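As C-alpha cells, the structure follows; a few thoughts come after it.
The structure presented is a predicted model; accordingly, all values stated were derived computationally and were not measured.
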Amino acid sequence: MKRKSGQNPEITKNWKPATLAIRGGTARSEYGETSEALFLTSGYSYDRAEDAAARFAGEQVGMTYSRLQNPTVEMLEQRIALLEGAEACRATATGMAAMTAALLCQLSAGDHVVGAKAAFGSCRWLTDTLLPKFGIETTTIDGSDTAAWKAAIRPNTKVFFFETPANPTMDIVDLAAVCAIAKAHGITSVVDNAFATPALQRPMEFGADVVAYSATKMMDGQGRVLAGAICGTRDWIDNVLLPFHRNTGPTLAAFNAWVVLKGLETLDLRIRRQSENALKVAAFLEGRVAKVLYPGLQSHPQHALAMSQMAMAGPIFSLYVGGGRAEAHGLLNGLELIDISNNIGDSRSLMTHPASTTHFGMAEAARLEVGITEDMLRLNVGLEDADDVIADLDQALRSIGR
C-alpha cells in the first residue's frame, strides 16, 4: 500500500468493507509506518506567515489547530465515512456529543423535532429536556409505527430522530419508509446506528441523511475509550455541522481516535461472532424467562423487517425476568462470568438493569410507556464461548428459582 492509497477515492472505491476497515483513510508519514501514526499535538507551525493566513482562509490545505483537525482523527473520520458509504464524517469526544451536535447544529428556536420514544436515556433527555429549553418543540412517537411519523409532522418540523434497533427495547424502525417520509417533506432524518454499526446496517442505503454513532461501543469494542462520529454529505458536514463543531469544541482526542482505528480493524470479525453468540444465548433464554426481545429470533414482532435491514441481529438484546426488580437484581447478583455493567458493544459479556442505570433519568411513566419495566435486563453478549455464557445465565437463573 502506498502512503496515500487509503485516502485516494479512486482506489478505495474498489475495496470491500473488510479492507476499508483496516486500510481506509490511512495516510502514512515520510517514515512509512505500517500502523497509523499517533499525532499528539494541540497546534501546528507554518513556514511563513502567509501560509497561516492561507490555511485559515481555506485557501491552503493543511492543519491549523487540533480542535479543528488532527491527522490521526482525520484518518478515523475518513475510515468511518468509507465504511458508512458517506461522503464525509466528523468525529466527536463521545457518542452523546455526536447526538447533541447532530441535532443542535441544524435546529433553532421555533423548530420542531419528531423522535422515537424508544431510545437511549440520554437521547430521550435531549428531546424531552434540552431541546425544549432552547424553544425547540419535540414530539415523541412509537417509532415502529410508520404512520405515526407522518401524522406527527408540523409545518415547522425539521428533524426525524431515532435509533434502530432501539436501546433497550429492540424496537425496529422501517428505515426506508420513514426516511422516505422525511425526504418527501423536506425533513432531515438523523439515525443513531450505534447498536448495529455499518458492519451490520448502513442507514444511508435506505435514505437516511445523517447517521450518528457512539464509537465507544462496537467500533472500539473493547471497553477502552469514548468516541463518537457523525456521517453525512460533504455539504451538510462542512456547512451545517462544522461551524457548530468548530466553535463548541466536542473534539475527539487523537489517542482515542487511534484506539478506535485499531478497533475498526476487527469490527467485522467481532460483531459477526458476537451476533452468532447472541442468537444462541437468546434462544436458550426463550421459555426460561418471561420474554426475550431479540430481532434475530422469529418471535420478535419485527423479525422480518430487522433482517431485511440488517446483515445480522447484533450482540445486544433484552429480556424480562418476571418478578420485578428484586428478581432482576437477584439474577445480576448471581452472575459469575458476565459483568454487571451499563456499557454495550464490549468484547466481554455485560448485563445491566436499564430502569436503574441507563434509563434512570427518564420519568417512570415514560419508561413504562416504552416497556422498560423493573424486571427488564439488557445483555451484551461478548466473544466468550457462548456455552460458558449460557452456563452462567443458567446457574444465575437457578439461584433465583428459575
Side-chain angles (χ1 to χ4, degrees), residues 92 94-175 177-195 203 207-214 228 230-232 236 240-241 243-245 248 250 354-355 358-372:
T92 60
T94 68
M96 283 313 304
M99 305 303 159
T100 305
L103 294 176
L104 287 182
C105 74
Q106 59 181 317
L107 293 169
S108 302
D111 290 342
H112 176 241
V113 174
V114 182
K117 291 179 180 178
F120 178 51
S122 293
C123 289
R124 279 296 302 266
W125 184 85
L126 290 180
T127 56
D128 297 354
T129 303
L130 181 66
L131 295 183
K133 286 184 178 181
F134 292 94
I136 300 164
E137 298 178 293
T138 62
T139 301
T140 53
I141 61 165
D142 177 358
S144 63
D145 181 356
T146 301
W149 290 96
K150 187 172 184 179
I153 294 173
R154 301 176 186 175
N156 58 337
T157 303
K158 295 295 171 57
V159 170
F160 282 178
F161 179 45
F162 61 91
E163 67 175 322
T164 181
N167 182 2
T169 59
M170 309 307 295
D171 287 14
I172 305 297
V173 176
D174 188 328
L175 281 164
V178 173
C179 292
I181 293 170
K183 285 191 184 303
H185 292 82
I187 296 166
T188 301
S189 52
V190 178
V191 181
D192 175 355
N193 198 40
F195 263 36
D209 297 305
V210 178
V211 182
Y213 286 100
S214 171
I230 308 165
C231 298
W236 190 88
V240 180
L241 176 64
F244 180 92
H245 191 281
T248 60
T358 58
H359 291 70
F360 174 76
M362 283 178 64
E364 182 180 10
R367 289 201 304 268
L368 294 175
E369 185 181 20
V370 296
I372 304 173

Practice task
Go through the structure and list residues passing ring pair (Phe, Tyr, Trp, His ring centres under 6.0 Å) with Phe120, not counting sequence neighbours.
Solution key: none
Handout entry: side chain to side chain donor-acceptor pair (under 3.5 Å) partners of Ser144, counting only residues at least two apart
Key = Asp142
Practice task
Report yes if some heavy atom in the side chain of Ile153 is under 4.5 Å from a heavy atom in the side chain of Phe160; otherwise report no.
Solution key: yes
Fill in the blank from the handout: Separation between CG (Leu104) and CE (Met99), nearest 0.5 Å, reads 13.0 Å
Handout entry: Set of residues satisfying side chain to side chain donor-acceptor pair (under 3.5 Å) with respect to Thr140, sequence neighbours excluded
Key = none
Completion exercise
Residue set satisfying side chain to side chain contact (heavy atoms under 4.5 Å, CB included) with Lys150, at least two apart, ordered chain then number -> Ile181, His185
Exercise for the section: Find out whether His245 and Ile230 are in side-chain contact, i.e. whether some heavy atom of one side chain is under 4.5 Å from a heavy atom of the other. Expected result: no
Handout entry: Flag side-chain contact, heavy atom, 4.5 Å: Val370 against His359
Key = no
Exercise for the section: Any salt bridge (charged side-chain N to carboxylate O under 4.0 Å, His left out) involving residues 110-135? Give me the pairs, sequence neighbours left out, ordered by first then second residue. Expected result: Asp111-Lys158, Lys117-Glu369, Arg124-Asp128
Handout entry: With sequence neighbours excluded, residues passing ring pair (Phe, Tyr, Trp, His ring centres under 6.0 Å) with Phe161
Key = none
Fill in the blank from the handout: Heavy-atom nearest pair, Ala98 first then Tyr213, reads CB-O, 3.6 Å
Practice task
List in chain and number order the residues that pass side chain to side chain donor-acceptor pair (under 3.5 Å) with Ser189, two or more places apart in sequence or in another chain; answer none if no residue qualifies.
Solution key: Asp209
Handout entry: Heavy-atom closest pair, residues Pro203 and Val211
Key = CB-CG2, 3.9 Å
Handout entry: Any donor-acceptor N/O pair, Trp125 side chain to Met362 backbone, under 3.5 Å
Key = no
Problem - Residue pair Gly143 / Ala116: nearest heavy atoms and the distance that separates them - result: CA-CB, 4.0 Å
Exercise for the section: Taking Thr138 for its side chain and Thr127 for its backbone only, find out whether a donor-acceptor pair lies under 3.5 Å. Expected result: yes
Practice task
Sorted by first residue and then second, give each salt bridge (charged side-chain N to carboxylate O under 4.0 Å, His left out) pair with at least one member in residues 358-368; sequence neighbours left out.
Solution key: none
Exercise for the section: Give a yes or no answer on whether the side chain of Thr100 reaches the backbone of Ala97 with a donor-acceptor pair at less than 3.5 Å. Expected result: no
Problem - Expected output: side-chain Thr164 to main-chain Ala166 donor-acceptor under 3.5 Å - result: no
Completion exercise
CG of Leu130 to CG of Leu103, rounded to nearest 0.5 Å, is 9.0 Å
Practice task
Sort and list the pairs that fulfil salt bridge (charged side-chain N to carboxylate O under 4.0 Å, His left out) and have at least one residue in residues 185-194, not counting sequence neighbours.
Solution key: none
Completion exercise
For Phe244 and Cys105 the tightest heavy-atom approach is CB-CB, 3.6 Å
Exercise for the section: Could you list the residues that satisfy side chain to side chain donor-acceptor pair (under 3.5 Å) with Asn156, not counting sequence neighbours? Expected result: Glu137
Exercise for the section: Hey, could you give me the SG/CH2 distance between Cys231 and Trp236, rounded to the nearest 0.5 Å? Expected result: 10.0 Å
Fill in the blank from the handout: Taken in chain and number order and not counting sequence neighbours, the residues that satisfy side chain to side chain contact (heavy atoms under 4.5 Å, CB included) with Phe360 are none
Practice task
Taking all non-hydrogen atoms of both residues into account, name the closest pair between Ala355 and Ile372 and its distance.
Solution key: N-CG2, 4.0 Å
Handout entry: Spatial distance of atom SG (Cys179) from atom CH2 (Trp149) [nearest 0.5 Å]
Key = 9.0 Å
Exercise for the section: Could you note down all residue pairs passing salt bridge (charged side-chain N to carboxylate O under 4.0 Å, His left out) where residues 164-175 supplies at least one of them, sequence neighbours left out? Expected result: none
